Amino acid sequence: MSDATIKLLCDLVAIDSVNPSLVPGAKGESEVAHAMAAHMRAAGLDVEIDDVVEGRPNVVGVIEGRAPGPTLMFCGHLDTVGVIGMTEPFNPVERDGRLYGRGTQDMKGGVAAMIAAAESIAQSGGLKAGRLIVAGVIDEEYESLGAEALVSKWKSDAAVITEPTDLVVGIGHKGYQWVEIETKGVAAHGSLPQQGRDAIFRMGRVISHLEALSQKLQSRPPHPILGTASLHASLIDGGRELSTYPDHCSLRMERRTIVGETENTALTEVEEILHTLREQDPEFEGTAKMLFVQPPYETPSGHVLPQTIEDAMHRVGRKTNRSGLTFWTDAAILGKAGIPTVVFGPGGAGLHGLNEYVIVDHVLGCRDALADLALSFCV
Ligand SMILES: [Zn+2]
């Protein structure tokens with residue numbers, strides 16, 4: 001593990017940065033943000049650390065070019081998901097060209113690559129023109145508070161989110177919407193069917209409509225890069241005890257969205273289902289509300305960034321291709337703020353799982369391509 005970039009990656013993985021909104025009491029991003037800041041300062045970048053919420057800072061490093069010109073941003077999230085069930089999540093281990101540990105793939109591999117790319121630029125003459133911004137943001141695994149705070153303060157002409165893509169140039173991804181549905185019944189002794197009304201049976205009617213809807217969504221013509229929309233019933237809760245008619249049932253579901261759908265799509269669909277069920281049975285009682293929405297994203301077609309990354313990959317002797325991604329990223333937030341963005345990072349497997357790893361050679365390839373990209377974009 002002699003390479004300095006992989007040493008940096010190991011240092012980042014060794015720092016616990018589990019998102020405290022996902023896991024109450026978890027350490028959060030502060031320590032890893034300060035480690036990133038120290039590394040960028042040592043490389044000669046101008047560095048700012050800013051609390052987004054108390055004790056959870058974004059960190060931004062800047063390289064100013066020698067003349068005015070375009071600004072490029074690299075952005076990665078510093079938080080990870082929890083570590084329950086992992087034996088040594090913060091002890092990175094390299095085996096067969098893979099580095100194992102929590103956050104190796106999602107996404108400290110990409111973060112190490114972007115820091116190292118900036119470092120190599122800073123230490124080999126800097127940028128001819130424009131500006132390179134290197135941002136580590138908090139909270140992507142929950143509500144993306146970090147990316148929201150970043151775009152309220154920093155602007156750029158293009159951005160790369162270094163989430164793991166197997167070195168594919170990711171030019172878009174789906175969005176998601178969370179909806180909570182409640183059905184009401186009447187509690188009664190299990191022996192008194194005339195008095196009881198079963199809220200769980202009523203949710204069953206909702207669920208069969210949702211299943212039909214999910215099949216309908218997936219049989220529509222797919223979006224050219226994002227595929228089809230989908231939904232699933234994520235969490236269900238209801239009932240009081242075995243011998244009682246349940247008076248309440250709640251279902252929380254997720255709807256994955258594609259470009260062209262509205263930010264109310266999921267709620268509108270569910271309300272149509274509830275309306276149909278009320279028409280079929282005047283006693284049916286059900287309500288729905290939207291819990292959370294993140295939009296889909298597509299890099300503006302014709303923007304130079306995807307081609308510029310492909311050219312950079314070619315120059316550093318590597319192959320790549322262009323594709324839509326399934327998973328959501330902060331690219332949607334940067335995109336909404338008017339920054340054309342692509343997702344481009346190393347490969348691996350097991351993200352959010354027990355055996356997460358990143359491919360070491362991909363981290364180096366990502367670093368080299370990002371450095372080349374910045375030198376060719378910021379002119
Ligand atoms: Zn991620």
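Because only heavy atoms are used, hydrogens play no part in the values below, and waters and symmetry mates are left out as well, while side chains stay in. Note that ligands are numbered from 1 as they come in the structure, with each ligand's atoms numbered from 1 the same way. What you see is a predicted model, and the numbers here were worked out from it, not measured in a lab.
Comment: E48 engages K153 in a salt bridge, judged by a side-chain N to carboxylate O separation of less than 4.0 angstrom.
Cation-pi geometry between R202 and F284 is not met at under 6.0 angstrom from the ring centre and within 45 degrees of the axis.
Across every non-hydrogen atom of I49 and P57, the tightest pair is CG2-CB, 3.4 Å. The shortest non-hydrogen separation linking C378 to L72 is SG-CB, 3.9 Å.
For the Zn ion (ligand 1), protein N/O/S neighbours under 2.8 Å (waters excluded) are H77 NE2, D106 OD1, E163 OE1, E163 OE2.
With sequence neighbours excluded, the residues satisfying side chain to side chain contact (heavy atoms under 4.5 Å, CB included) with V259 are H223, L226, P296, E298.
At most 12 heavy atoms of other shown residues, nucleotides or ligands fall within 6.0 angstrom of atom CZ in F201.
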